[in-house]
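Proteins come first, then strands; the chains are lettered A, B, ... in the order of their sequence lines, and each starts at number 1. Everything numeric in this text was worked out from a predicted model, so none of it was measured.
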There are 2 protein chains.
Amino acid sequence: MDFVASVVSGIATLTQTMEDGRRQMVGLLLPSDFVGRPGRDTAAYDVVATTDLVMCCFRRKPFEDLILTTPHVGQRLLEMTLDELDAAREGMLLLGRKTAREKIASLIAILARRDASLKQSSSVGRVVVDLPLTREAMSEYLGLTLETVSRQISALRKEGVIEIEGKRHIIIPDFDLLVEEAGDDSDGGFLV
Amino acid sequence: MDFVASVVSGIATLTQTMEDGRRQMVGLLLPSDFVGRPGRDTAAYDVVATTDLVMCCFRRKPFEDLILTTPHVGQRLLEMTLDELDAAREGMLLLGRKTAREKIASLIAILARRDASLKQSSSVGRVVVDLPLTREAMSEYLGLTLETVSRQISALRKEGVIEIEGKRHIIIPDFDLLVEEAGDDSDGGFLV
DNA sequence: CGTCAACTTGATGCTATTCAACTTTGGTGG
DNA sequence: CCACCAAAGTTGAATAGCATCAAGTTGACG
């Protein structure tokens with residue numbers, strides 16, 4: 001990688017792959033997210049667009065110079081990196097300790113919140129989201145198989161936690177209920 | 001938290017807890033690691049010393065000023081944060097896709113490498129490590145129960161991948177074999 | 001020598017995986 | 001326009017792997 005970039009529109013995923021093909025998503029790149037690693041020139045992850053994607057790219061060298069000469073850019077980048085670190089650690093809790101059902105509920109809640117913050121709408125009461133990921137991509141994010149993802153989505157639907165139109169369009173009648181199913185603190189103390 | 005710190009000697013853990021008590025370790029703080037979050041004043045994690053611990057602490061406000069006035073300090077901090085991010089993502093792969101056996105092998109390999117890099121010895125062939133964690137702490141790191149940790153350590157011992165003296169002293173006759181059991185690339189392409 | 005925390009081991013149960021068949025959806029060309 | 005096809009998703013049955021519950025064992029320390 002000899003450039004860094006910022007996502008303008010669309011969605012991409014950051015994935016790590018083992019020798020035998022097992023895959024784990026380690027980051028979800030949504031609009032406003034930063035991609036790339038100043039100070040290192042090899043990329044340890046696969047970046048894959050899951051929708052049409054527009055990124056704003058910068059050559060890495062000039063960008064690194066910019067950081068050194070403009071303290072505020074460096075500081076902003078540090079802040080964003082710390083946010084990504086928080087997200088990764090949230091992911092560790094999800095992967096290590098949550099049940100399949102909680103994982104699905106968590107993912108839907110994350111996507112709904114990100115979507116709401118982009119549109120500057122609020123995520124309380126009745127909320128609507130379009131899943132930008134296939135069941136397989138969700139399974140890679142959640143450390144599950146795609147069958148388990150499908151089953152748990154069906155279970156949440158049958159119990160009225162979510163409603164589904166088509167395959168990807170989700171209606172959340174009561175966002176707090178979903179958050180409760182996710183096993184998170186009710187306040188949902190979120191950082192981004 | 002109104003201070004940040006650097007670990008001088010000893011070992012601490014960074015842990016996240018769910019309402020019902022489930023715990024997931026999200027970071028292992030070894031000598032030279034940085035603790036704290038400039039720019040944010042609430043700590044989302046529990047920091048727990050697992051051995052006698054010496055840390056070098058700084059008040060947060062003056063430290064934040066230092067970052068702004070001294071670009072190189074900020075840049076170094078960004079680098080360290082990016083390394084932590086890599087470690088967290090490595091953790092996501094471990095938690096999401098590795099088997100219990102692979103998780104144990106991975107943890108022992110990580111500890112052996114960190115130990116070797118501190119002592120500036122190399123981690124090839126015959127390697128010796130003292131586990132600085134209880135079985136319970138290991139289970140919190142690996143997203144397992146302590147019983148599973150114990151069983152998998154016994155299994156690795158029975159198969160000759162490791163030898164054990166006492167409860168914590170581990171001898172690794174062939175480090176490459178251990179790395180293979182961990183499911184990582186054979187080159188062990190490591191970043192720290 | 002008794003006590004306690006750390007650890008080990010066994011038996012059983014449950015959750016998520018695996019393998020397999022089937023359904024739905026959106027796109028393509030006759 | 002619709003028949004066909006591939007990709008995505010659903011559902012079922014059987015199984016594997018880890019969790020849970022329950023005894024034990026070991027070793028350090030007073």
Side-chain angles (χ1 to χ4, degrees), chain A residues 11 13 18 20-24 48-52 94-108 129-159 162-170 181-183, chain B residues 11 13 18 20-24 48-52 94-108 130-159 162-170 181 183:
Chain A
I11 288 169
T13 63
M18 291 172 69
D20 61 5
R22 280 176 281 177
R23 293 166 65 80
Q24 176 63 51
V48 180
T50 65
T51 64
D52 286 346
L94 180 144
L95 291 167
R97 293 302 181 195
K98 289 191 177 179
T99 64
R101 182 190 180 89
E102 288 168 339
K103 287 178 177 182
I104 296 288
S106 298
L107 176 57
I108 296 174
V129 207
D130 275 299
L131 300 178
L133 304 171
T134 64
R135 300 288 185 266
E136 186 175 21
M138 290 187 233
S139 76
E140 283 178 13
Y141 185 93
L142 301 171
L144 297 170
T145 59
L146 66 92
E147 292 96 330
T148 299
V149 169
S150 181
R151 273 186 251 274
Q152 296 296 335
I153 289 178
S154 295
L156 289 175
R157 178 175 51 69
K158 277 173 194 155
E159 293 167 38
I162 58 175
E163 292 160 28
I164 305 179
E165 276 171 16
K167 290 176 185 306
R168 303 285 190 85
H169 190 75
I170 303 271
E181 292 291 347
Chain B
I11 287 169
T13 64
M18 291 171 70
D20 62 5
R22 279 176 283 176
R23 292 166 66 79
Q24 176 62 52
V48 180
T50 66
T51 64
D52 286 347
L94 180 146
L95 291 167
R97 293 302 181 195
K98 289 191 179 180
T99 64
R101 183 189 178 90
E102 288 169 337
K103 287 178 176 181
I104 296 288
S106 298
L107 176 57
I108 296 173
D130 276 297
L131 301 178
L133 303 171
T134 64
R135 300 289 186 265
E136 187 175 20
M138 289 188 235
S139 75
E140 284 178 12
Y141 186 93
L142 300 172
L144 298 170
T145 59
L146 67 91
E147 292 97 328
T148 299
V149 169
S150 181
R151 272 186 251 273
Q152 296 296 336
I153 289 179
S154 296
L156 289 175
R157 179 176 50 71
K158 277 172 194 155
E159 292 167 38
I162 58 175
E163 291 160 29
I164 304 179
E165 276 169 18
K167 289 176 187 303
R168 305 282 191 87
H169 190 75
I170 303 271
E181 293 291 346

Checklist line | Summary of protein contacts for nucleotides 19-30 of chain D, nucleotide by nucleotide, where a base hit scores B, a sugar-phosphate-only hit scores S (4.0 Å, heavy atoms) | finding: SBB---------
Next item on the list: Report which part of the nucleic acid A:Arg101 touches: base, sugar-phosphate, or nothing (heavy-atom distance under 4.0 Å, all strands).
Entry: nothing
Next item on the list: Scan B:Thr134 against the nucleic acid and name what it touches under 4.0 Å (heavy atoms): base, sugar-phosphate only, or nothing.
Entry: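 Result for B:Thr134 = sugar-phosphate.
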Next item on the list: First locate atom OG of A:Ser150, then atom CG of A:Leu144, and finally report the distance between them rounded to the nearest 0.5 Å.
Entry: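 One gets 12.0 Å once the value is rounded to the nearest 0.5 Å.
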Measuring only between side-chain heavy atoms, which start at C-beta, is [X] closer than 4.5 Å to [Y]?
| X | Y | value |
| --- | --- | --- |
| A:Ile153 | A:Lys167 | no |
| A:Leu142 | A:Thr148 | no |
| B:Leu107 | B:Leu131 | no |
| A:Ile164 | A:Ile170 | yes |
| B:Met138 | B:Gln152 | no |

Check: Could you give the CG-to-P distance, from A:Leu133 to D:dA8, as a whole number of Å?
Finding: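 Taking atom P of D:dA8 as the reference, CG of A:Leu133 is at 13 Å.
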Next item on the list: Nearest whole angstrom, please: distance from the P of D:dA8 to the CG of A:Leu131.
Entry: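 These atoms are roughly 15 Å apart.
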Item checked: Donor-acceptor contact present, side-chain A:Arg97 to main-chain B:Arg23, <3.5 Å ->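 Present.
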Next item on the list: For B:Gln24 and B:Tyr141, indicate whether the former's side chain and the latter's backbone hold a donor-acceptor pair under 3.5 Å.
Entry: yes
Notebook entry, point to check: Which is the 5'-most and which the 3'-most nucleotide of DNA chain C that has an atom under 4.0 Å from a heavy atom of chain A?
Noted result: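 In short, chain A contacts DNA chain C from C:dA16 to C:dT25.
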Note to self: Strictly below 4.0 Å: does A:Arg168 bring a side-chain N or O up to OP1 or OP2 of D:dG9?
What the structure shows: yes
